[in-house]
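Here is the structure we will look at, set down as structure tokens.
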Amino acid sequence: MRIYLAGPDVFLPDASAIAAAKKAICARHGAEGVFPTDPIESAAADAADSRWLEIYLRNEAHIRACDALVANLTPFRGPSADAGTVYELGFMRALGRPVAGYSNSGQGFTQRTRHFLGAGLRPGPGGGWADAEGLALEDFGCHDNLMIDGGIVAAGGILVAREVPEARRWQALEGFEACVAALKRGRLAP
């Protein structure tokens, strides 16, 4: 089983160390981890006229070549998961392949969003909350936006959310390993 390792990990200063650690966990469970920066042949990427498009096309080629995906959904630069990671998770879901996610934040989406917005919050229509522009906050008790949680649940996947110390937010891999183990046990259905 080849597992695409989606997440904002590529932006970390120790990205290669995190990639190696995740690949080692996959190998221990009899799978192959595929990190976004791994080399892959892609004629379309080779022909791209810009670096960003080349990266996109190589990542898409990796996703198409994998059997499943585990996404790092730890909040990134705000209260929600990394937008690129969310796209990759949805792309794999649309291919009909198993997806799972983990987050090193145990707080729910509404709580994180309220904290992020701070003083700009006010009571919203229907007893919920609204931001300074009067836009309602999503409050369904999900870990992240309902489309992220829903995509994982609809795929038969798992979302493991654990609170870890801030200093280990990007290095803690217990949730990741739980996702890989679930994939290998066949607990995730396409």
Side-chain angles (χ1 to χ4, degrees), residues 1-42 55-56 58-76 80-108 142-145 147-190:
M1 172 182 282
R2 296 186 51 167
I3 302 172
Y4 185 74
L5 310 177
D9 310 89
V10 296
F11 300 111
L12 298 174
D14 59 346
S16 59
I18 294 296
K22 285 185 167 187
K23 288 178 177 191
I25 289 169
C26 288
R28 278 200 313 271
H29 290 274
E32 177 187 352
V34 177
F35 201 66
T37 57
D38 288 350
I40 188 168
E41 294 294 321
S42 169
I55 292 168
Y56 166 82
R58 289 197 196 287
N59 289 352
E60 182 180 294
H62 275 310
I63 293 167
R64 289 183 184 279
C66 285
D67 306 299
L69 176 146
V70 175
N72 179 352
L73 299 173
T74 302
F76 181 70
S80 192
D82 169 57
T85 302
V86 172
Y87 175 87
E88 292 173 329
L89 186 143
F91 189 88
M92 184 64 93
R93 168 79 176 113
L95 292 174
R97 298 179 192 155
V99 296
Y102 75 97
S103 175
N104 287 331
S105 171
Q107 291 184 332
C142 294
H143 179 72
D144 212 300
N145 178 280
M147 294 301 289
I148 301 169
D149 289 37
I152 293 170
V153 168
I158 63 169
L159 197 163
V160 178
R162 300 174 181 200
E163 195 64 40
V164 301
E166 184 69 20
R168 293 192 63 236
R169 179 172 55 143
W170 298 112
Q171 289 74 33
L173 298 177
E174 294 84 2
F176 171 78
E177 185 156 13
C179 289
V180 172
L183 278 169
K184 287 304 293 179
R185 283 193 308 269
R187 288 198 32 225
L188 306 183

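Computed from a predicted model, the values in this text were never measured in an experiment.
When every heavy atom of Ala178 is checked against every heavy atom of Val160, the shortest pair comes out as CB-CG2, 4.1 Å. Heavy-atom minimum distance, Cys179 versus Ile158: CA-CD1, 4.0 Å. Nearest heavy atoms, Met92 versus Ala68: CE-O, 3.5 Å. Taking all atoms of both residues into account, the shortest heavy-atom contact from Val99 to Leu89 is CG1-O, 3.9 Å. Of all the heavy atoms in Arg93 and Ala155, the pair that sits closest is CD-CB, 3.6 Å. Taking both residues in full, the closest heavy atoms of His29 and Val180 are given as CB-CG1, 3.7 Å, listed atom of the first, atom of the second, then distance.
For Asp149 (side chain) and His143 (main-chain N/O), a donor-acceptor pair under 3.5 Å exists by modelled atom type.
Partners of Glu41 by salt bridge (Lys or Arg N to Asp or Glu O under 4.0 Å), not counting sequence neighbours: none found. Shown here are the salt bridge (Lys or Arg N to Asp or Glu O under 4.0 Å) partners of Asp38, two or more places apart in sequence or in another chain: Lys23. Leu12 is linked by a side-chain contact (heavy atoms from CB on, under 4.5 Å) to Asp9, Asp14, Ile18, Trp170, counting only residues two or more places apart in sequence or in another chain. Partners of Asp67 by side-chain contact (heavy atoms from CB on, under 4.5 Å), not counting sequence neighbours, listed by chain and number: Met1, Arg2. Applying the ring-ring contact (aromatic ring centres under 6.0 Å, His included) criterion to Phe11, with sequence neighbours excluded, gives Phe76. With sequence neighbours left out, the side-chain hydrogen bond (donor to acceptor under 3.5 Å, both in side chains) criterion links Tyr4 to Glu88. Under the side-chain hydrogen bond (donor to acceptor under 3.5 Å, both in side chains) criterion, Ser42 pairs with no residue, sequence neighbours left out. Qualifying side-chain hydrogen bond (donor to acceptor under 3.5 Å, both in side chains) partners for Asn104, counting only residues two or more places apart in sequence or in other chains: none. Take Arg64 and apply the side-chain hydrogen bond (donor to acceptor under 3.5 Å, both in side chains) test, not counting sequence neighbours, and it matches Glu60. Under the side-chain contact (heavy atoms from CB on, under 4.5 Å) criterion, Ser16 pairs with no residue, sequence neighbours left out. Listed by chain and number, the residues in a salt bridge (Lys or Arg N to Asp or Glu O under 4.0 Å) with Arg28 are Glu177 (sequence neighbours excluded).
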- Arg97 and Cys66: side-chain contact (heavy atoms from CB on, under 4.5 Å), yes or no, with the steps? CA-CA 9 Å; Arg97 298 179 192 155; Cys66 285; 5.6 Å; no
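When side chains are defined from C-beta on, Tyr102 does not count as touching Leu159, because their heavy atoms never get closer than 4.5 Å. Side chains of Asn72 and Thr85 form no contact here, defined as non-hydrogen atoms less than 4.5 Å apart. Counting only heavy atoms from C-beta outward, the side chains of Leu73 and Ile152 approach each other to under 4.5 Å. By the 4.5 Å heavy-atom criterion applied to side chains, Asn59 and Ile55 are counted as neighbours. Within the 4.5 Å cutoff, the side chain of Leu5 has heavy atoms near those of the Cys26 side chain.
Note on residues 152-164: no pairs pass salt bridge (charged side-chain N to carboxylate O under 4.0 Å, His left out), not counting sequence neighbours.
Rounding to the nearest 0.5 Å gives a distance of 7.5 Å between OH of Tyr87 and CD1 of Ile63.
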